[in-house]
Undergrad: 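Have a look at the structure that comes next, please.
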Amino acid sequence: MEYQFSEIEAKWQKAWEEQGTYKVTEDPSLPKFYVLDMFPYPSGAGLHVGHPLGYIASDIYARFKRLKGYNVLHPMGYDAFGLPAEQYAIQTGQHPSETTRKNAARYREQLDKIGFSFDWSREVRTCDPAYYRWTQWAFIQMFHSWYNKETDRAEPVAQLVALFEKQGNREVPAAHSCPVVFTAKEWKAMDEPQRMKILLDYRLAYLADTMVNWCPGLGTVLANDEVKDGVSVRGGHVVLQKQMKQWSLRISAYAQRLLDGLDQVEWTESLKDIQRHWIGRSEGAEVFFPVRGLKESMLIYTTRADTMFGVTFMVLAPESEWVQKVTSPEQKAAVQEYLEQVSHRNERERQAETRTMTGVFTGGYALNPFSGKEVPIWVSDYVLAGYGTGAIMAVPAHDSRDYVFAKTFGLPIVPLIEGCDVSTESLDAKEGIMMNSGFLNGKTVKEAIPIAIREVEARGIGRRKVNYRLRDAIFSRQRYWGEPFPVYYREGIPYTVEEKDLPVVLPEVDVYLPTEAGDPPLGRAKDWTYKGYPMELSTMPGFAGSSAYYFHYMDPGNPHRLVSEDAVRYWKSVDLYVGGTEHATGHLIYSRFWCKFLYDIGVVPEDEPFRKLINQGMIQGRSNFVYRVRGTNQFVSLHLKDQYDTTELHVDISLVQNDVLDIERFRAWSPDYADAEFILEDGKYVCGWAVEKMSKSMYNVVNPDEVVSRYGADTLRMYEMFLGPVEQSKPWDTSGIEGVHRFLKKFWNLFRDRSGAWCVEDVAPTEKELKILHRTMARIENNIEQFSMNTAVSSFMICVNELQELRCCKRQILEPLLVTLAPFAPHITEELWHRLGHTASIHQATFPVADVKYLVENEFAYPVSFNGKTRFTLTLGLDLDRDAVEQAVLTDANTLKYLDGKPVRKVVVVPGRIVNIVF
RNA sequence: GCCCCGGUGGUGGAACCGGUAGACACGCGGGACUUAAAAUCCCGUGGCCAGUGAUGGUCGUGCGGGUUCAAGUCCCGCCCGGGGUACCA
């Protein structure tokens with residue numbers, strides 16, 4: 001019987017589903033292993049062949065771990081809230097939940113055909129109220145928590161209130177944004193709205209006026225990771241800076257823990273670097289500069305306290321409250337005009353103007369506390385309001401931005417490093433010997449920095465300070481298709497909905513657009529109130545639902561908890577997470593933060609969610625081109641095109657095989673080409689090709705369904721792995737798939753004789769056959785553990801080629817081999833397993849253990865080289881020691897020939913590796 | 001600009017700790033089977049040079065240096081491609 005993959009695959013997919021083969025429950029008698037894929041957003045376009053790459057790799061790993069005796073949790077679900085469904089709803093009026101449901105069904109259909117071992121009974125969808133109640137619940141917990149910097153964890157706000165009642169807020173070690181200082185007495189004298197306003201500045205989920213990325217094109221606010229190069233990542237719309245009242249998560253309180261935690265996880269260094277950079281820890285000092293005519297001193301942040309003597313001016317961010325305080329009457333009009341000008345600029349313009357500095361003098365002066373000199377205070381948008389204190393001391397000689405500013409406005413530049421030349425550019429490097437710097441003269445920069453900070457502290461004009469670039473996460477979106485906030489307003493003050501009333505279900509609206517008044521779409525909902533009070537109109541961002549979904553998989557559908565104690569104590573955290581690197585500064589940071597918070601409040605036992613992370617590469621498209629002679633309907637073959645003036649056009653890759661165009665089908669492809677003419681080479685039309693993004697517009701999309709129906713899921717799975725390392729990006733080229741398909745046919749044929757009849761025999765295998773088997777088993781196990789799936793596939797090919805040559809069809813060889821192959825090709829192996837007489841699934845078998853006695857060789861073909869050049873090989877026993885090998889080689893006839901009578905200077909022998917003769 | 005990661009045949013890619021570069025596969029060329037095609041099987045396949053020939057020589061892992069008996073692998077300096085980040089004081 002031929003290898004009939006379609007029937008085999010359909011049969012076993014059905015059987016696995018019916019028998020619940022991949023259903024998993026907590027089993028304390030077995031070690032656990034949690035393999036997770038980043039869940040997909042179900043888009044309308046469906047899956048292309050690049051999407052399942054990571055899923056296949058993780059599925060192989062999950063199946064392997066099961067065969068090794070682990071209880072494996074391997075779930076899947078959908079990141080189902082998101083902009084595309086909502087934009088589609090705006091255009092068509094179709095409810096986003098409807099589109100999402102359809103798209104998810106399509107995804108499921110496609111995924112099922114590939115034969116994954118997901119436990120679908122644990123499916124989580126972020127848009128399902130039964131799930132998002134836990135997103136809302138977590139928000140409520142954050143609302144009622146504050147960050148205690150002393151205990152370094154989140155604690156209940158009730159405890160904070162107790163502290164306020166006892167001692168006011170001055171000494172409370174909290175991460176906060178509260179501008180006022182009060183005593184216990186003052187706190188007690190406040191009324192409820194006043195207290196609630198204060199507490200908002202301490203909560204981990206808080207409402208505040210903040211500078212946000214406002215995207216008019218999408219009608220919503222965006223988080224920093226959703227903006228790139230001044231435009232929105234989704235849709236590419238212009239983004240403006242705007243002051244708005246928004247919900248935020250105080251993730252900045254966790255900056256140090258997020259940084260430290262990176263040392264505990266097995267992620268690639270480059271991904272950790274991206275996160276480290278995003279967190280952006282810097283060590284420096286905050287220093288007060290007295291201001292002429294004011295009692296109050298201005299606070300600045302610097303990492304270069306050593307350069308204090310070189311400060312020749314100060315710069316304020318346009319948004320700084322100090323601008324109004326220091327501006328002189330004469331400069332008021334100019335400053336106003338500048339602020340006006342700056343406010344109209346969007347992020348892109350602000351960034352594009354790196355070269356031309358803008359700014360204005362405020363008319364105010366600050367006093368350099370070290371040199372005693374007065375320096376002018378300027379305003380410029382090169383200083384950011386959100387970092388440090390929104391004010392800087394400018395040292396043009398040693399900071400390139402200050403340098404450009406000084407040159408632009410003719411401000412003095414005082415060099416502080418001996419022998420440096422600042423006539424054309426600043427010297428930013430932290431090296432050299434200090435000069436012009438009073439008590440720091442003669443010191444190196446590295447010595448001077450701590451000395452200067454110590455001096456600042458000794459004089460009581462500032463203190464050592466660590467800053468982070470990481471900002472609090474803006475958590476409101478002025479959109480419809482997201483989790484509603486469990487928040488209502490009483491007298492303008494936000495309160496959370498009682499937990500017993502969760503979930504707060506997303507209400508229906510007539511259209512998915514903002515209201516006339518400019519409120520978000522939820523402003524259109526009828527009776528959008530709680531206990532008679534108005535509800536919050538924003539919804540949560542995309543990352544809300546994806547920050548803890550991996551916990552709910554452990555205990556899906558639990559109506560009482562995100563995850564039960566028993567379940568989370570068993571599954572703990574994700575052992576292996578597979579997904580794209582594009583989530584480095586979004587999902588992967590937010591999830592870590594969310595997990596640490598849940599850890600702080602005692603809901604989960606570990607504070608890092610993803611122990612090991614593998615980033616799968618992208619599968620790129622391989623496009624084909626035809627060359628049309630300009631102004632004609634004539635097409636010229638690739639290698640002749642240089643003789644003509646041509647236009648390169650994408651051609652659908654389904655019309656091309658091995659870069660040769662199917663002319664008839666090309667003519668039928670579009671009416672424009674119906675009467676096309678062709679200039680051929682060797683009777684063929686050869687197409688050009690290029691590696692590009694896989695996309696419809698390039699006509700290079702390959703759909704997994706098509707591959708499955710032509711070659712089967714087992715072939716698709718193995719070919720995706722065979723393409724190359726999982727982590728690497730590489731182009732998809734369907735022509736290569738034949739080799740993998742051929743391999744599976746050969747493998748199938750090992751079980752049959754020449755006539756096609758079943759021929760597996762119970763005969764003792766030979767030493768040689770056992771060696772082939774055990775070597776393969778050992779390699780595969782090693783390859784899977786290293787996540788080197790491509791070399792695993794090669795190892796199988798080599799094994800099958802060798803067994804085929806030996807015409808081996810012995811049960812004792814084929815049976816263990818089947819189990820070894822099962823993670824890669826689950827269907828064909830299941831079929832053959834049952835034909836061998838088994839009744840239970842092969843996926844519940846045990847992975848065979850390689851016996852070392854079959855792995856050791858007793859002979860080795862030594863490559864013998866002369867002065868590093870390999871000339872011949874000499875097979876010798878591996879039991880020979882260094883001297884014996886040397887003797888054997890030196891007396892060999894071949895050696896004498898290559899030496900040609902010259903004296904040997906040195907012989908290098910590495911037993912079991914190489915012999916090198918130097919002469 | 002700064003920080004990562006890459007660069008190996010016509011193509012995708014192998015090569016453990018420095019030890020026979022190009023495994024495995026595609027493609028291509030040749031052959032067998034066939035009326036023919038598909039499928040299958042066998043042989044060859046990095047470049048150049050020499051030889052009728054089994055073969056021999058030589059160059060070769062982006063470029064230029066270096067360390068070493070030996071370098072795709074380690075070190076220094078560049079070039080190119082991809083990703084991250086960017087007035088973060």
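Chain letters run A, B, ... following the sequence lines, proteins first, then strands; residues in each count from 1. Everything numeric in this text was worked out from a predicted model, so none of it was measured.
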Undergrad: Compute the centroid of each ring, for F289(A) and then for W322(A), and state whether the two points are separated by less than 6.0 Å.
TA: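 For F289(A) and W322(A), the ring centres are not under 6.0 Å apart.
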Undergrad: K869(A) side chain N/O closer than 4.0 Å to the phosphate oxygens (OP1, OP2) of rA70(B)?
TA: no
Undergrad: Examine rU20(B): is either OP1 or OP2 under 4.0 Å from a nitrogen or oxygen in the side chain of Y862(A)? Give yes or no.
TA: no
Undergrad: Looking at R469(A), I'd like to know whether one of its side-chain N or O atoms comes within less than 4.0 Å of OP1 or OP2 on rA86(B).
TA: yes
Undergrad: What distance, rounded to whole Å, do you find between the two P atoms, one in rG62(B) and one in rG6(B)?
TA: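 Going atom to atom, P in each nucleotide, I get 13 Å.
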Undergrad: Would F824(A) and F796(A) count as a ring pair (Phe, Tyr, Trp, His ring centres under 6.0 Å) if you check the C-alpha gap in whole Å, the side-chain angles of each, and the deciding distance to 0.1 Å?
TA: CA-CA 10 Å; F824(A) 295 81; F796(A) 280 123; 5.3 Å; yes
Undergrad: What's the gap between rA25(B) and rC79(B) when it is taken at their P atoms, as a whole Å value?
TA: 40 Å
Undergrad: Does Y898(A) have a side-chain nitrogen or oxygen under 4.0 Å from the phosphate oxygens OP1 or OP2 of rG57(B)?
TA: yes
Undergrad: Between F405(A) and Y382(A), does the ring centroid distance fall short of 6.0 Å?
TA: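 Yes; Y382(A) has its ring centre under 6.0 Å from that of F405(A).
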Undergrad: Backbone N or O of D428(A) within a donor-acceptor pair of the D399(A) side chain at under 3.5 Å?
TA: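 Not at all, since once roles are kept as given, no pair shorter than 3.5 Å links the two residues.
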Undergrad: What is the glycosidic conformation of rC17(B): syn, defined as within 90° of 0, or anti?
TA: syn
Undergrad: Apply the syn/anti split at 90° from 0 to rG6(B) and say which one it is.
TA: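 Anti, since the glycosidic angle lies more than 90° from 0.
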Undergrad: Could you list all N or O pairs between the protein and nucleotides 23-26 of chain B that sit under 3.5 Å apart?
TA:
from	atom 1	to	atom 2	distance (Å)
rA25(B)	OP1	N801(A)	ND2	3.0
rC26(B)	OP1	R742(A)	NH1	2.4

Undergrad: Using the C1' atom as the point on both nucleotides, what is the distance between rC16(B) and rU52(B), in whole Å?
TA: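 About 44 Å, rounded to a whole number of Å.
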Undergrad: Side chain of Y862(A), backbone of G912(A): donor and acceptor closer than 3.5 Å?
TA: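 Yes: the side chain of Y862(A) pairs with the backbone of G912(A).
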Undergrad: Do R913(A) and rC16(B) share a donor-acceptor pair, side chain to base, under 3.5 Å?
TA: yes
Undergrad: Is the shortest side-chain N/O distance from K906(A) to OP1 or OP2 of rC69(B) below 4.0 Å?
TA: yes
Undergrad: Distance check, P atoms only: rA54(B) and rA70(B), in whole angstrom units.
TA: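 To the nearest whole Å, 33 Å.
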Undergrad: Among rC87(B), rU58(B), rG84(B), which is the nearest nucleotide to the side chain of R871(A)?
TA: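 Side chain of R871(A) sits closest to rU58(B).
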Undergrad: Hey, would you say the F409(A) and W378(A) ring centroids sit under 6.0 Å apart?
TA: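 When the ring centroids of F409(A) and W378(A) are compared, they turn out to be within the sub-6.0 Å range.
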Undergrad: N615(A) side chain to G579(A) main-chain N or O, any donor-acceptor pair under 3.5 Å?
TA: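 Answer holds: yes.
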Undergrad: Looking at the side chain of I392(A), which of rU20(B), rC4(B), rA89(B) is the nearest nucleotide?
TA: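 Between rU20(B), rC4(B), rA89(B), the one nearest the side chain of I392(A) would be rA89(B).
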Undergrad: Centroid separation under 6.0 Å, is that true for the rings of Y403(A) and H398(A)?
TA: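 Centroid distance H398(A)-Y403(A): not below 6.0 Å, so no.
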Undergrad: Under 4.0 angstrom, heavy atoms only, what part of the nucleic acid is V918(A) near: base, sugar-phosphate, or nothing?
TA: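 Sugar-phosphate, no base atom in range.
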Undergrad: Determine the stems involving RNA chain B; a stem requires 3 or more consecutive pairs of the Watson-Crick or G-U wobble kind, each with both distances below 3.5 Å, and the answer is none if no such run exists.
TA: B:1-7 with B:79-85, B:10-12 with B:24-26, B:27-32 with B:40-45, B:46-50 with B:55-59, B:62-66 with B:74-78
Undergrad: Describe the nucleic acid contact of A394(A) in one word from base, sugar-phosphate, nothing, applying a heavy-atom distance below 4.0 Å.
TA: nothing
Undergrad: rA21(B) and rC59(B): how far apart are their P atoms, nearest whole angstrom?
TA: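 It comes out at 13 Å once rounded to the nearest Å.
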Undergrad: With a 3.5 Å cut-off and heavy atoms only, can you find an N or O donor on one side and an acceptor on the other between the side chain of R779(A) and the base of rC16(B)?
TA: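 In this structure, the two groups form no donor-acceptor pair.
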Undergrad: For the C1' atoms, the ones on rG66(B) and on rG30(B), what distance do you get once it is rounded to whole angstrom?
TA: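 Between the two C1' atoms, the distance is 47 Å.
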Undergrad: Taking atom types as they are modelled, is there a donor-acceptor pair under 3.5 Å from the base of rC69(B) to the side chain of N916(A)?
TA: yes
Undergrad: Determine whether a donor-acceptor pair (N or O, by modelled atom type, separation under 3.5 Å) exists between the side chain of N894(A) and the backbone of F872(A).
TA: no
Undergrad: Measuring only the C1' atom in each nucleotide, how far is rU11(B) from rA86(B)? A whole number of Å is fine.
TA: 38 Å
Undergrad: Whether Q728(A) contacts rG6(B) is assessed here as follows: a side-chain N or O lying under 4.0 Å from the phosphate OP1 or OP2. Is that the case?
TA: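 Checking Q728(A) against rG6(B): no side-chain N or O falls below 4.0 Å of OP1 or OP2.
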Undergrad: Between the side chain of E681(A) and the main-chain N/O of H639(A), is any donor-acceptor distance below 3.5 Å?
TA: yes
Undergrad: Determine, for R775(A) against E802(A), whether the closest basic-nitrogen to carboxylate-oxygen distance falls under 4.0 angstrom.
TA: yes
Undergrad: Using atom C1' in both nucleotides, what's the gap between rG27(B) and rG82(B) to the nearest angstrom?
TA: 27 Å
Undergrad: For S865(A), report the nucleic acid contact type (base, sugar-phosphate, nothing); a contact means any heavy atom under 4.0 Å.
TA: nothing
